[in-house]
Trainee: 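Shown below is the structure under consideration.
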Amino acid sequence: MAVSVCAVYILLAVCGIGGLAQDVPPYTEDCRSGTYPPSGPTYKGPVPWYTVNLDQAPYERWQSMIKDKKEPLNDVIQHIKKLANFVIPSGKLIVLVDALLPGLIGKLPYPFGEEIKGVADAAETPLGEILLFNIFYEVFTVCTSVVAEDSSGKLYHARNLDFGLFLGWDVKNSSWMITELLRPLVVNVNFVRNNKTVFMSTSFAGYVGMLTGMKPGIFTLTMNERFSLDGGYIGVIEWILGDRDGSWMSFLTRSVLENATSYDEAKALLSKTQILAPAYFILGGNKSGDACVITRSRKSCLDIWELDTKDDRWYVLETNYDHWKPPLPIDNRRDPAKKCMNRTGQKNISFTTMYDVLSTKPVLNKLTTYTALMSVSDGKLEAYLRDCPDPCVPW
Ligand SMILES: *[C@@H]1O[C@H](CO)[C@@H](O)[C@H](O)[C@H]1NC(C)=O
Ligand SMILES: *[C@@H]1O[C@H](CO)[C@@H](O)[C@H](O)[C@H]1NC(C)=O
Ligand SMILES: *[C@@H]1O[C@H](CO)[C@@H](O)[C@H](O)[C@H]1NC(C)=O
Ligand SMILES: *[C@@H]1O[C@H](CO)[C@@H](O)[C@H](O)[C@H]1NC(C)=O
Ligand SMILES: *[C@@H]1O[C@H](CO)[C@@H](O)[C@H](O)[C@H]1NC(C)=O
Ligand SMILES: *[C@@H]1O[C@H](CO)[C@@H](O)[C@H](O)[C@H]1NC(C)=O
């Protein structure tokens, strides 16, 4: 499965090059202001909150949310199946997914296999298809994440989640079909144990890993995809074929959010645990200077880039490229975001100004599904559904 997904990805990526001049108006705009709190005709609304009780058995804990989200979840899965059939016509791939993937559920570490079973039953969807849906996020997420420290030493962590690259451009609607379909699945989740919050996350209903989350008073964490030719998704394929040494990236972030008790412990786990594909982990702590971008290959930690206010580095910002290398010219969200961060200045950092930065094209683009804002010391997480009306850059 993952083989063919990769193949489409590479194919379309190559086709895409050259078709786009991203640093010209109207695709690139001057730093926005006055976008927060969002309002107006293009505002898609706040993200709804749900509670997941970790004291319940893994099979049980997602049931009530999934009953609510059954329809949009099945819409997305139908769409993924259509794409799969496009890659390998005749429906053979989905037959394979339904036949092969359920057998792999038992190989997932506790509690993920049981949780996915619970999701599949609540959604009345075949188990293999829910697992496929969970695998998809590991493969198609591009993003912007930033942790910034204001002049008083308070930390803010914000991110745009861009999802669905190359998963079918809808010409009529001028949008990425899957990005549209995913919007109704975006949820904020309050994970509780003993009736107390353990961590919070902005996520997609039906997905048991985590891409964005906060442990109030302790740390904030986001994961961005790292494209790499040596490494890539080989690990995912190896895992399916039986080599299960590495951890799924978003399962690792979930485990860290759930069980790590300090910034340092989170940092150690994220830099040392073997994972299935390269990734960037963007981590913020609860005190001045505690923020970093961890650049990972599957087996090792390549770099930890730390906040350093003495050296005038009062924020760390990561898109989908190693920070010591230039971004791909056709996908430069990094410099526009940095330009706006610089223009805002450390003194004026807040939810308002971070939201403005993440609302500036092409940091905001057609793939952007949500923007999340986190303030660890206040224990505050806010997320907003996004839309990027024309003219807007496709990614
Ligand atoms: C795309 O546009 C068509 C009509 O042109 C509409 O029926 C459909 O709902 C739109 N799809 C999405 C996902 O917005
Ligand atoms: C959990 O907290 C809520 C609100 O504080 C309270 O109403 C409820 O009874 C508590 N439940 C348990 C099991 O302690
Ligand atoms: C987090 O930081 C805030 C502000 O400095 C402080 O009041 C709070 O006690 C810290 N929380 C923890 C758990 O250390
Ligand atoms: C967190 O730790 C508990 C207790 O060791 C364990 O049961 C649970 O599965 C862990 N959670 C995750 C997501 O790994
Ligand atoms: C932003 O500011 C930093 C530090 O002053 C500087 O190194 C960087 O070149 C600036 N970037 C942009 C895009 O303005
Ligand atoms: C700080 O940001 C706010 C909101 O964007 C803006 O109105 C204000 O002018 C900014 N202040 C400074 C000193 O840049």
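One-based numbering, in listed order, for ligands and for the atoms of each. Predicted model, so just to flag it, every value in this text is computed and none were measured.
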Trainee: Might you work through the ring-ring contact (aromatic ring centres under 6.0 Å, His included) test for Phe191 and Phe199, ending with a clear yes or no?
Mentor: CA-CA 5 Å; Phe191 287 84; Phe199 70 103; 4.2 Å; yes

Trainee: Distance-only check: which donor-acceptor pairs under 3.5 Å involve side-chain atoms of residues 40-50, not counting sequence neighbours?
Mentor:
{"residue": "Tyr50", "atom": "OH", "partner": "Asp68", "partner atom": "OD2", "Å": "2.7"}

Trainee: Report, in ascending order of atom number, the atoms of ligand 4 lying under 4.0 Å from any heavy atom of Ser255.
Mentor: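 Near Ser255, meaning under 4.0 Å from one of its heavy atoms, ligand 4 has 12 (C), 13 (C), 14 (O).
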
Trainee: Short N/O distance, under 3.5 Å, between Glu258 and ligand 4?
Mentor: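 Yes; the residue has a nitrogen or oxygen that sits under 3.5 Å from a nitrogen or oxygen of the ligand.
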
Trainee: Check ligand 5 for close polar pairs with the protein: N or O on both sides, less than 3.5 Å.
Mentor:
{"residue": "ligand 5", "atom": "2 (O)", "partner": "Asn342", "partner atom": "OD1", "Å": "3.0"}
{"residue": "ligand 5", "atom": "2 (O)", "partner": "Asn342", "partner atom": "ND2", "Å": "2.3"}
{"residue": "ligand 5", "atom": "11 (N)", "partner": "Asn342", "partner atom": "ND2", "Å": "3.0"}
{"residue": "ligand 5", "atom": "14 (O)", "partner": "Asn342", "partner atom": "ND2", "Å": "3.0"}

Trainee: Less than 4.5 Å apart, any side-chain heavy atom of Asn320 and any of Arg226?
Mentor: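 No, too far: nothing below the 4.5 Å cut-off.
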
Trainee: Counting each atom of ligand 4 from 1 as listed, which ones have a heavy atom of Pro111 under 4.0 Å away?
Mentor: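 Selected atoms, number and element: 9 (O), 12 (C), 13 (C).
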
Trainee: Contact between Leu241 and Glu238 at the side-chain level, heavy atoms closer than 4.5 Å - yes or no?
Mentor: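 No. Closest side-chain heavy atoms not under 4.5 Å.
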
Trainee: Would you check whether Ser377 has a nitrogen or oxygen atom less than 3.5 angstrom from a nitrogen or oxygen atom of ligand 3?
Mentor: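 By distance alone, the answer is no.
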
Trainee: Check the angle between the aromatic planes of Phe351 and Tyr156 and answer parallel, tilted or perpendicular using the 30° and 60° thresholds.
Mentor: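 Phe351 and Tyr156: perpendicular rings.
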
Trainee: May I ask you to say whether Glu258 pairs ionically with Arg193, meaning some side-chain N is under 4.0 Å from a carboxylate O?
Mentor: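 Counted as a salt bridge, because a side-chain N and a carboxylate O are separated by less than 4.0 Å.
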
Trainee: Show which residues join Leu358 in its hydrophobic cluster (side-chain heavy-atom contacts under 4.5 Å, direct or indirect), or state none.
Mentor: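 Val363, which link up through side-chain heavy atoms under 4.5 Å apart, make up the rest of the cluster.
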
Trainee: side-chain hydrogen bond (donor to acceptor under 3.5 Å, both in side chains) with Trp314: which residues, sequence neighbours excluded?
Mentor: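 By the side-chain hydrogen bond (donor to acceptor under 3.5 Å, both in side chains) rule, Trp314 matches no residue at all.
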
